[in-house]
Novice: 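Here it is: the structure, laid out below.
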Amino acid sequence: MPFSSFRLSRSLAPAVLAAALLAGCEDDPKLPPEALTLTSDGRLERGSVVTVTTAADGQPLAAGAVTLTVSPADAAQVVDGATLRLLRAGSVEVRAQSGERTGTVTLDVAAPPTVVFDMAVGGNRDIYSVALDGGDLTRLTQNVSDERDPNAGGGTVTFVTFRHGNGELYSVPLAGGAETRVTNSTLSESAPALSADGQRLAYATDPSGVAKLWTATASGGGAAQAAPNFGFGGSPETSPSWAPTGARLAFVGTASGTADIYQLTLGGTPELLVGGTAAEVDPAWSPDGEYVAFASTREGDPAIFVVRVSDGTVIRLSSRAGTEAEPTWTRDGRLVYTEFMPASETRLVWIDPKAPQTVNPIPVTGGFPRRPSVAP
């Protein structure tokens with residue numbers, strides 16, 4: 001190559017190299033857009049509706065700009081670009097897309113609490129269980145006699161049966177199975193209450209012809225009157241409820257002439273918890289031990305109240321005109337109770353005491369449920 005040609009080639013080399021690099025950059029694929037971020041708000045429980053917020057570069061996107069899909073497809077119903085109805089327990093992956101950008105989040109959905117209750121179907125009252133969202137309805141007893149007043153604890157349901165003519169206590173596994181006789185007497189037992197661990201039993205029985213409060217082991221052994229020196233012979237006691245520690249009971253007593261709620265430390269003397277001229281009934285101890293829920297006529301129609309155990313402060317929770325009674329707590333602090341409707345109809349509902357104005361029906365088909373008890 002002539003010297004002049006060599007110099008020309010060297011002078012062109014930088015330009016040729018720059019052009020080649022530029023062409024290579026134009027051929028490279030674009031960097032992927034930053035992923036969307038998803039957050040959920042609401043109770044992660046089957047049957048609940050949750051809000052999913054999708055953000056791009058830290059800024060929330062409008063629901064109309066987002067498409068949500070879920071996997072498995074039957075785990076949730078997509079209501080819109082920001083709302084899901086959770087249809088089953090377990091993990092569900094939520095995927096959001098907005099234009100070319102996508103993002104995912106995995107939700108761990110819990111099964112709802114289980115409620116046991118009694119219900120008359122075809123003229124026969126039996127014990128049933130149902131999930132808080134109305135799913136998993138199960139009949140637990142199959143006897144032709146009247147069965148009522150179920151109470152759950154430690155995986156067991158204790159209830160009252162009249163198959164022997166008088167009220168006797170039986171138990172059945174919460175998951176279903178064979179029944180076990182708990183009491184065997186000529187007396188009338190009623191209002192059973194199991195401790196949260198299922199080890200202790202409180203109930204009412206009437207050896208003197210008037211119902212008094214008794215305690216025993218869950219199998220009925222070691223039965224003894226809980227407060228033999230309380231009240232007078234003709235003052236009934238009923239509706240016990242265990243504190244979460246299993247060391248105290250709340251119950252209804254009539255020692256003052258009206259139905260009031262007392263608390264009793266086992267081995268001690270009952271103390272008035274809430275009372276007055278109105279009827280105070282159906283006590284239910286909260287899972288944190290701070291409150292006792294109850295039904296009262298103190299403001300007219302029977303309604304749901306709570307009393308703070310430490311200082312006696314009473315707060316009304318329900319607001320519907322009509323009768324509301326039979327409260328019971330879920331482990332996470334929600335209240336389930338019975339609403340009494342016209343024509344002797346009833347329904348079970350639940351509320352969050354932090355937002356009691358929102359009343360959530362528990363769908364139960366086939367009859368009118370009563371006397372709920374939530375499995376701890």
Side-chain angles (χ1 to χ4, degrees), residues 113 115-120 125 128 130 132 134 148-151 160 190-191 193 204 211 235-241 250-263 272-286 290-309 311-330 333-374:
V115 183
V116 297
F117 58 96
D118 62 57
M119 181 169 67
R125 185 169 294 276
Y128 293 79
V130 71
L132 207 63
R148 60 178 60 222
D149 290 340
N151 189 268
V160 178
S190 62
S235 58
E237 302 160 8
T238 189
S239 302
S241 174
F251 68 98
V252 174
T254 58
S256 65
T258 58
D260 300 318
I261 296 174
Y262 293 82
Q263 61 173 322
L272 182 66
L273 182 60
V274 59
T277 57
E280 326 279 11
V281 297
D282 298 340
W285 220 303
S286 67
E290 295 184 7
Y291 294 90
V292 170
F294 63 100
S296 175
T297 59
R298 58 177 49 213
E299 294 184 9
D301 289 339
I304 304 299
F305 295 78
V306 293
V307 56
R308 189 158 53 215
V309 177
D311 61 12
T313 299
V314 173
I315 304 167
R316 179 170 179 165
L317 294 181
S318 65
S319 57
R320 185 184 69 95
T323 298
E324 297 155 324
E326 303 170 346
T328 178
W329 297 84
T330 67
R334 287 173 280 177
L335 270 171
V336 176
Y337 58 91
T338 305
E339 285 187 345
F340 292 79
M341 317 294 284
S344 300
E345 297 181 2
T346 60
R347 69 172 185 171
L348 303 182
V349 300
W350 68 266
I351 60 171
D352 185 340
K354 297 176 183 177
Q357 68 278 4
T358 301
V359 179
N360 305 275
I362 303 174
V364 175
T365 59
F368 302 121
R370 287 282 313 273
R371 292 172 279 270
S373 172
V374 179

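The chain is numbered in sequence order, starting from 1. These values consider heavy atoms only, across backbone and side chains, with no hydrogens, waters or symmetry-generated copies.
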Novice: Would you call Val364 and Met119 a side-chain contact if the rule is heavy atoms closer than 4.5 Å?
Specialist: yes

Novice: Quick check: does any side chain N or O of Asp260 sit under 3.5 Å from a backbone N or O of Leu273, one acting as donor and the other as acceptor?
Specialist: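 Not a single qualifying donor-acceptor pair exists.
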
Novice: Distance from Leu272 atom CG to Glu280 atom CD, nearest 0.5 Å?
Specialist: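 CD of Glu280 is found 9.0 Å from CG of Leu272.
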
Novice: Between Ser235 (side chain) and Thr254 (backbone), is there a donor-acceptor pair under 3.5 Å?
Specialist: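 Side chain of Ser235 to backbone of Thr254: no pair is present.
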
Novice: Evaluate side chain to side chain contact (heavy atoms under 4.5 Å, CB included) for Arg334 paired with Leu132, printing each intermediate quantity in order.
Specialist: CA-CA 11 Å; Arg334 287 173 280 177; Leu132 207 63; 3.4 Å; yes

Novice: Can you check whether Val116's main-chain N or O pairs, donor with acceptor, with Ser373's side chain at less than 3.5 Å?
Specialist: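 Flag not set: sc Ser373 to bb Val116 has no pair under 3.5 Å.
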
Novice: Just how far is it from atom CZ of Phe117 to atom OG1 of Thr346, taken to the nearest 0.5 Å?
Specialist: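 With rounding to 0.5 Å, CZ (Phe117) is 9.5 Å from OG1 (Thr346).
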
Novice: Donor-acceptor pair, Arg148 side chain versus Pro150 backbone, under 3.5 Å?
Specialist: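 Between the backbone of Pro150 and the side chain of Arg148 there is no qualifying donor-acceptor contact (under 3.5 Å).
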
Novice: Closer than 3.5 angstrom, by distance alone: can the side chain of Thr328 be matched with the main-chain N or O of Val374 as a donor-acceptor pair?
Specialist: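 Answer holds: yes.
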
Novice: Between Thr258 and Thr277, is the side chain to side chain contact (heavy atoms under 4.5 Å, CB included) condition met? List the steps.
Specialist: CA-CA 7 Å; Thr258 58; Thr277 57; 5.5 Å; no

Novice: Can you tell me how far CD of Glu339 sits from CZ of Arg347, rounded to the nearest 0.5 angstrom?
Specialist: 4.5 Å

Novice: Between Thr313 and Arg308 (side chain of the first, backbone of the second, donor and acceptor by atom type, cut-off under 3.5 Å), is there such a pair?
Specialist: no

Novice: For the residue pair Ser190 and Val160, what are the closest heavy atoms and their distance?
Specialist: CA-CG2, 3.8 Å

Novice: Is any side-chain heavy atom of Arg370 closer than 4.5 Å to one of Phe340?
Specialist: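 Counting from C-beta outward, Phe340 and Arg370 do come under 4.5 Å.
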
Novice: Measure the NZ-CG distance between Lys354 and Leu317 for me, rounded to the nearest 0.5 Å.
Specialist: 13.0 Å

Novice: Would you find a donor on one side and an acceptor on the other, under 3.5 Å apart, between the side chain of Thr338 and the backbone of Pro372?
Specialist: no

Novice: Measuring from atom CD of Glu324 to atom CD1 of Ile351, what distance do you get when rounded to the nearest 0.5 angstrom?
Specialist: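 It comes to 8.5 Å.
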
Novice: Any idea which heavy atoms bring Pro302 and Thr297 closest together, and the distance?
Specialist: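 In terms of heavy atoms, the two residues are closest at CG-CG2, 3.8 Å.
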
Novice: Please step through side chain to side chain contact (heavy atoms under 4.5 Å, CB included) for the pair Val274 and Arg298, ending with a clear verdict.
Specialist: CA-CA 11 Å; Val274 59; Arg298 58 177 49 213; 3.1 Å; yes

Novice: Run Phe368 and Met341 through side chain to side chain contact (heavy atoms under 4.5 Å, CB included) and show every step you take.
Specialist: CA-CA 10 Å; Phe368 302 121; Met341 317 294 284; over 6 Å; no

Novice: Return the minimal non-hydrogen interatomic distance between Ile304 and Ala295, and the atom names on each side.
Specialist: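 Reported closest heavy-atom pair: CD1-CB, 4.5 Å.
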
Novice: If you round to the nearest 0.5 Å, how far is CG of Asn360 from CG of Leu348?
Specialist: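 The distance works out to 12.5 Å.
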
Novice: Among Phe305, Tyr337, Phe251, which residue satisfies the ring pair (Phe, Tyr, Trp, His ring centres under 6.0 Å) criterion with Phe294?
Specialist: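 Output: one option passes, namely Phe305.
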
Novice: Indicate yes or no for a side-chain donor-acceptor contact from Asp301 to the backbone of Ala321 under 3.5 Å, with no hydrogens or angles considered.
Specialist: no

Novice: Mind listing the closest non-hydrogen atom pair of Val252 and Pro283 along with its distance?
Specialist: CG2-CD, 3.6 Å

Novice: Is it true that a side-chain atom of Trp329 and a backbone atom of Ala284 form a donor plus acceptor pair closer than 3.5 Å?
Specialist: yes

